[in-house]
Amino acid sequence: MDRTGADFLRVREMMILRLKANPVAIQIPIGAEEHFKGIVDLVKMKAIIWDDDKGVTFTYNEIPENLAAVCAEYREKLV
């Protein structure tokens, strides 16, 4: 997700169309490219934000408001 042009949901759709796969997301990224800062764990329904560039330390937070609806939708698909 930290690379130029990264788009998680677009790649998921491409997997469905091209590979006829049924991918199930267990995490949703928070941000993309240089703004990528963590993930939302759809099992725990918590945001995991990395505190450093290497991803060694992190904190659990509430899901950002702008991702709440997307996370709820993909959690429903997961369950």
Side-chain angles (χ1 to χ4, degrees):
M1 286 306 303
D2 59 346
R3 297 187 181 187
T4 303
D7 185 341
F8 176 79
L9 297 176
R10 182 178 58 105
V11 171
R12 183 183 174 280
E13 289 302 316
M14 288 171 57
M15 290 172 65
I16 293 168
L17 294 173
R18 293 183 184 177
L19 302 175
K20 307 294 186 234
N22 186 21
V24 178
I26 59 172
Q27 300 171 338
I28 299 290
I30 300 172
E33 299 176 2
E34 67 270 2
H35 302 291
F36 179 64
K37 61 182 181 176
I39 56 135
V40 174
D41 182 329
L42 296 177
V43 175
K44 294 182 180 183
M45 287 303 280
K46 289 288 186 179
I48 301 171
I49 308 295
W50 287 286
D51 297 328
D52 58 20
D53 290 337
K54 303 211 186 295
V56 176
T57 59
F58 60 90
T59 56
Y60 284 98
N61 296 317
E62 294 302 314
I63 299 170
E65 276 188 40
N66 63 327
L67 290 176
V70 172
C71 291
E73 174 188 347
Y74 281 92
R75 171 148 171 102
E76 183 67 28
K77 291 178 183 182
L78 173 65
V79 175

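For reference, positions follow the sequence shown, starting with 1. Everything numeric here is computed off the predicted structure, so don't read it as measured data.
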Pairs under 3.5 angstrom only: tabulate donor-acceptor contacts from the side chains of residues 6-25 to other protein residues two or more places apart or in another chain.
from  : atom 1 : to    : atom 2 : distance (Å)
Asp7  : OD1    : Leu9  : N      : 3.4
Asp7  : OD1    : Arg10 : N      : 3.3
Arg10 : NH2    : Gly5  : O      : 3.4
Arg12 : NH2    : Pro23 : O      : 3.4
Lys20 : NZ     : Leu17 : O      : 3.1

May I have the list of side-chain donor-acceptor pairs in residues 72-79 shorter than 3.5 Å, sequence neighbours left out?
from  : atom 1 : to    : atom 2 : distance (Å)
Glu73 : OE2    : Lys77 : NZ     : 3.2
Arg75 : NH1    : Leu42 : O      : 2.7
Arg75 : NH1    : Val43 : O      : 3.0

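Residues Leu67 and Pro29 share a closest heavy-atom pair of CD1-O, 3.8 Å. The minimum heavy-atom distance linking Gly31 with Phe36 is given by the pair O-CD1, 3.6 Å. Looking at every heavy atom in both residues, Ile30 comes nearest to Ile39 through CD1-O, 3.5 Å.
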Item to complete: Apply the test side chain to side chain contact (heavy atoms under 4.5 Å, CB included) to residues Trp50 and Thr57: give CA-CA distance (whole Å), side-chain angles for both, the deciding distance (0.1 Å), then the verdict.
Response: CA-CA 6 Å; Trp50 287 286; Thr57 59; over 6 Å; no
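Summarising the geometry, atom CG belonging to Asp51 is positioned 11.5 Å from atom CD1 belonging to Ile48; distances are rounded to the nearest 0.5 Å.
Screening residues 12-35 for ring-ring contact (aromatic ring centres under 6.0 Å, His included) gives no qualifying pairs among residues at least two apart or on separate chains.
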